[in-house]
Each structure stands twice: as C-alpha cells, then as structure tokens.
Amino acid sequence: MLNNFFTENLGTIIVSAVLIVAVGLIIARLIINKKKGKHACPYCPSASTCPACKGKDGGKSCCEKNEES
Amino acid sequence: MNSFKVKLHNVFAKKGKEKTDYITADGQTHALKIAIAGNQNSGKTTLFNALTGAVQYIGNWPGVTIEKKEGKLKSNKDVTVTDLPGIYSLSPYSPEEKVSRNYLIEEDIDAILNIVDSTNLERSLYLTTQLIEIGIPLVVCLNLTDVIKKQGHVIDTQKLSERLGVPVVCISALKGTGLKEAVDTVLAEARKKGANLFHHPDALPTDLYLQEHSGDSLFLTDELNEKVRAIEVYLKTLPIDYLHSHFFAVKLLERDGLTFDRLNLPADIKQKITALIEEIEKKYDDSGDGVVISARYTFIEALKKEVVKEAPKKVSTTEKIDRVLTHKIFALPIFIVVMFAVYYVSVTTVGTIANDFVNEGIFGSDWGLPKVISDGLTAINTADWLQSLIVDGIVAGVGAVLGFLPQMLILFFFLAILEGCGYMSRIAFILDKIFRKFGLSGKSFIPILIGTGCGVPGIMASRTVENDADRRMTIMTTTFIPCSAKLPVIALFAGAIFNNAWWVAVSVYFMGIAVILLSGLLLKKLKPFKSAQAPYITELPSYRFPSVKNVALSIWERISSFVKKAGTIILLATIFVWFTSSFGVEDGKFGMVEDAENSMLAAIGNVIKYLFYPLGFADWRSSVATVTGLIAKENIAGTLAILFNFAEEESGTWGALAASYAPLQAYSFLVFNMLCAPCFAAIGAIRREMKSAKWFWAAIGYQTLTAYFYSFVIYRIGSVFVGGLNGLDIAFTVLAFIALALYIYVIACPPDKLIWKKIDFSKR
Ligand SMILES: Nc1nc2c(ncn2[C@@H]2O[C@H](COP(=O)(O)OP(=O)(O)OP(=O)(O)O)[C@@H](O)[C@H]2O)c(=O)[nH]1
Ligand SMILES: [Mg+2]
C-alpha cells in the first residue's frame, strides 16, 4: 500500500524535496547575509557596486555606525 | 601568545626578511597600517585596488568613495591599507570628509600615502601641507604622471621633497608604474614611526624622533609659527596625544570648530588661546582661517614656481570637447539626446529584438523553458499542482524578470561608459545651474546619477551634500529616478501595452527628473528645507577612455547581482504569489481554486484595490503587484506574470496583460510604481541616512503622496481626452483639476505671498 503510494508519486516527491531544499538554502542565505549586517544588500541589483555592501566588514562600517549615532 | 611572540622575533632575526610588524612597549605585535588620503578624483581608489587587488568602485567624477575601505597589501599581507573618501582640506564640510579627517587623527595609523593629482598641484598640495602637520610619517605620491608627461610638463620631485620635508614618488595608478617604489618608501617611513614610538630593536631615541617631528610649520610665516608654538605650549600641559599637538595648534589658530569641540579646553587656556588668535586677526584684518589659508597658498605658489617646468600651453582635447558638451546653449539638448539614446537603445530597440527572443523564445511557451520543464515534469509523473507551481509560478515569474536581462545589459553598458569617460561629471555640472534655480543643490545630482543604477548607493551618496536641509531633500527625491530594477517593469509595459513605443521609457526617465525638480520648488517653501545655497565646487575631470576592465567589471557586478536577486528574493516571492493565488475557498471548501478570483490573494487584493480606484487601476492583480513591488521592484513584473498567466499558451505571453489594461491605466500604474516608496532595500537606506524616525516617515510619506498625486492627475485629466466619463469619474476629474491648480499655485507663488500665510489664525 505504502509502497504503491511512493512509486506512483515518486516524481512529485523528488521534485518537491528538491524545491524545499532549494527554498531552505535561499532562506538560510538571506538570513546569513542579514546577520552579517548586509541588511538590504541581497535584494539590491547593484549590491556589489554599492559602498554599503563591499568590504570585509559586510557594510557594517556604514550601516551600523549610522544607526548608533 | 608567547610562542607567537617568539615566532615574530624569529622573523625579525632572519636576515633579508621584510619587517612588517614592530613590537610595542607592552610586547604586543603591531601590524602596519597605511592610509591613502588625497583630493577627490585623484586616483586613490585606483591605487588602492592596484595595491590590494580589491575591486572597489572607480568612477571619473569626484566623490565616488564615501566610505573608508580596508584591504591587505597584495605583496605583504600583514600590512593594512585604507582607502578614504577624497578631501580637500582637514577642515571638513561634509560627512564623508569628516570620515577621512577622523580616521587620520583618531586611528593609530603608521603612515599616510598622500595621493597628489599632479595635474592639479596647487589644490592637492593645499591638503598635503595640512596632512604633514598631523605628524604621522607621510609619503607624497604624484599620481597621473602619465598625463603630465603627455602634456609635456616636468616636475622636479627632488626639490619638491626637500621643500616639503617628506619623500616624494611618481606613480601612475592606472598604468601601474612606480607602485613598488611607493610601497617600499611608505613602509620604510611607517617603520620609522614604529621604531621610535615603541622601542623596536631598531629604535632611535624618542626625543630624536620628536625633534624631527615637531617645530615650525614649513608652510606658515615666522610670525604665525610663533603663535602656533605658543598655542602648542598650552596644549602640552593637557593630556592629549603629543603627536598631533602641532596639528591641533594650527587648527585652533584657524578657529576650527571641530578641534575646539574635541579638545574641550579648560576655560583659562581657551581664553589665552583666543587672545592669541585675536591678535593675529587684528593685525592681518582677516579671520584666523583666512590668514592661515593665504599663508599656505603663498607657500604653495612659490613652491610650484620652483618645482614645475610647464610646457607651453595648448588647448587640450578635454577643453575642446567641453567647448561643445558644456556649451551654454547646446549642453542641455546634448544631455537630453544622450539620455534619450541610452534609454531608447536599451529599452526600445534592443527591447524588440531581444525580447522576442528571450520572452517569446526562451521563456515562451512554444519551445522554451516552460515547455521543456513541463514536458519533463509530465514524463516523471509529477502532480498537477507541482507542475503549476514550477511552470506557472516560478518559471513564469522569475522568467518575466530575467527576460529583461538583455536590456539591463545594454543599460549597464551605457552607464559604465558614461561614468568612466567623465561625461557624468559634466551632466552634474550642466544640471547644477538648473538644479539651483529649483532650489536643489547641484551636488544632489550625483546621488541621482548613481540612483539610475540602484537607489541604495544613490541614497548613500547623498552624504556628499553638505548641509542637512539639502541632504534630506536629496534623500527624499533620489529614488524618483527610475533605477535599473524598475527597468523590467517599464520594458514589460512598453512591450505589452504600448507596442514598444519609443516614448515610454524615455518619458518615465524625464518625468523622474521633472518630479525631482518640482519637489525642489515645493519643499523649499517649507521651513525645514530653507537653507543657504552651498556653492558647488567641483572640477571637471579630464575625459578618459573608460578602461575595458572597469567597464566589464561594472557590468558584470551589476548583472550578477541582478541574477542573484532573481534567483533568491524574487523566486521566493513568486512561490508566495503562486500559493496565495492558487489556493482559496471555492464552493465552500478550502483548496486549490479553479478561478483565481476565489483565491486568498484575490481576497486581499480586492480590499486594497479601492485605494487605487482614483488612479484608474482598481484591479486586484495590479494592487497586489504594487505591494509585492515593495520587496523588489522587479517583483511587479514577476507578480503580473503569474497573475496574468504568462505561461498560458492560447493568449500568447502578454496577451492577458495587454487585454486588461487600457493605455492610460497602464501609464498611470507605471507612474505610481516609479514614484512611490522604493523597495525595502532603499527604504532601509533612507532610514539609515535620515537617522531620525520623523524624517524617515516624512520621506516615505512624501514619496507615496507624490506618486499618488501624479498618477491621479495623469489618469483623471487624461481620461477627459479618452472620453466616456460619468458619475463618480466626473467628480474625480474635477478634483484632479483642483489638485493640479493648487499644486501649480503653491509652486509658482513666492512662499510668503501664499494666501494662507496672510490669514491671521490667531484672530479667530
Ligand atoms: N590617466 C590616468 N588616470 C588615472 C590615474 N589614476 C586614476 N585615474 C583615473 O582617475 C579617475 C578617478 O579615479 P578614482 O580612483 O576613482 O579616484 P578617487 O581618488 O578614489 O576618487 P574619490 O573616491 O571620488 O575621492 C578614474 O577615471 C581613473 O581611471 C592615472 O595614474 N592616470
Ligand atoms: Mg575613491
């Protein structure tokens, strides 16, 4: 019974699994970026040309400092 | 820790091995830190990239770098190099100039690499004289020597070095000549400081170092030096870093507010120092800083005569080109033609060619990705809902955005060329005069130019605007210019509804500029924005052939981030939109719906759509797209692709979209989405730059209101010409005329003549 279900829906199960993993990875990446302080950068088309996102400190030099002051 | 120290000693012990660290008095290692400082557009970042292998942004206009950036020397990873924003003096006016000054004074750096634009010696040396006073070892790097050579001038570096009292090297950051010598010299100088301050094995007695580094300023007259020395004596009684005491003394003489604030002098000392300054001011009948400035320039003029042998002047190519491009009458038309060409070529002409291929082909339903994927999924027997999610949701949504990649590519190419060759600064120069008439600072145009790529760096670039009022106004208006993320939306509507008419993209761009200018007129009437106009001092950089590397890099970085964005945030958004638009309550049961009208998303959209009724697009799908556009503007295209079923075969890719918008509605929708609050990334940037919740909300509110107003007026007044008005529509049209009249009145009328200013509310 259960076996049948698996073989019949194998395609669906595999594709959904791949999709879920992909979405998970994307979300993880966005969260990591956010933690690094690159708040907005992953959404920005010019992220790499933008002074906020470049440099080792992940843009902290501008974003965080400004928030403090 | 101990073993580390031992290792370090071993490094020193090994002969021939470069010493890059020194050991401080308390036994800590100290890695060398070098700061690159100089005027704007003198090539600091170019040098920084060459030395560290970084790929920081370089543009041929002043004020590109607005944040300090650190990197490690390529040839010696222990050495930290810092690229600083360009400055003209150490008495800063704008925030990013303060970044540089504070870094140079507060940070424990070992040497300054002072980049001097040798095509503009006077202005560069003016900064050099101040940098030397800081008291940190300094090396003067004459940059752009390739240009000097071409012009036939000769600079006597030996003599320059003698007169300034610091080493001088010649480099060309762009061509890469002289870099090794510059690095060697600056490291040698840096070690000198370490050796003396921290008792390195090689150390000289500290007093010897101090002797070398204190004493009279070379750049002042004897009389001024005497006063500086007197101030220094007072300062030495205070607990400040003796290394900078000379610098502070000179700055105090200049009545530099920042220095007074920083030193927080005791009242008696402050009084004595002020007396000294007043004495000088009286004698020269000039302000303290005026006296010092003219002393510096006198020194520099004499110095320049001594060290520079100028070739007979001929009219340079740059001047010849500028005679046309910055011509009194032709400049503006040329600018309009250039921008027209940029948008026309990238959106319209390439639009028709590339779009047909990408949107109808690769992402089309005949043979493209959707078909391949859907056939594949059918073959492995996946469920219908999953196929729909992937094909109608993800592929259609992300595809609708990526489909505009060719246009983006061309736009980025043009922007890179315009930035690299030097025309961008001309645009700022040309528009400066116009901007000023509208109450905006000419400097506001730099953020706007950058904003054509992306609003976030554009908003951040507003830091180059000196006074707060103008800076806030710049932040509020920068995102009115369509950024590259809005391009897919413009191109989609131009293609689907306006049959790729030439005027769509161009009109949106110039509308952006017009709204910025009108905002200037409007906001200047309000009290918080009244300010003295700061003069816009910029020099026009020479025209240069943009280097292929810089252009390629600029395009690549933008395109790759665009693709990354499509693959992450936009993909997630498409999944969300697909789910919420495919599930809902139908026939009393929750589940996948046949008719999207019954979906959850439609339920939400059907509520917010009333907000947009006055603007003419009271349709739940447009309303939802506007909201998802806040996450990223490309999402508007992605969302519409899903909701109007671009993956559907019968109606053709854009058929359903084209069928549900009248041209006027479509344009109104475009206008609203171009002008309203930008994406979250840019909203975040506004919040950070405004540094105040009140101003942040004022900005978002102003943008949204402006968008609503323009969209409303365009749609309602436009529909008079389309005809067929009745009922409520007539009322709205009348309202639109009234709103427009009021707007024109407020803008045209001098602020104190406005009628409500004359009504005395206190009498009621
Ligand atoms: N011909 C020539 N051009 C150079 C040289 N060094 C830099 N440039 C060009 O000068 C322009 C400005 O260079 P940047 O490195 O951005 O200048 P910057 O000093 O960092 O400028 P800001 O960040 O605005 O202060 C660019 O167009 C460079 O390609 C050089 O040695 N020779
Ligand atoms: Mg720079």
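Chain naming here is simple, since letters A, B, ... match the order of the sequence lines and numbering starts at 1 in each. Only a predicted model underlies this, so the values are computations on that prediction, with no experimental measurement involved.
Other residues, nucleotides and ligands contribute only 12 or fewer heavy atoms inside 6.0 Å of the CG atom of B:D384. Taking a 6.0 Å sphere around CZ of B:F696, one finds it holds more than 12 heavy atoms contributed by other residues, nucleotides or ligands.
With sequence neighbours excluded, the residues satisfying side-chain hydrogen bond (donor to acceptor under 3.5 Å, both in side chains) with B:T80 are B:K72.
With a threshold of 4.5 angstrom between heavy atoms, B:I570 does not approach chain A through any atom at all. Neither the backbone nor the side chain of B:I683 comes within less than 4.5 Å of any heavy atom in chain A.
Note that the OG1 atom of B:T382 and the CG atom of A:L10 stand 11.0 Å from one another [nearest 0.5 Å].
In terms of heavy atoms, B:N381 sits closest to A:T12 at O-OG1, 3.7 Å.
Residues of residues 18-26 of chain A lying within less than 4.5 angstrom of chain B, judged on heavy atoms, are A:L19, A:V23, A:I26 in numerical order.
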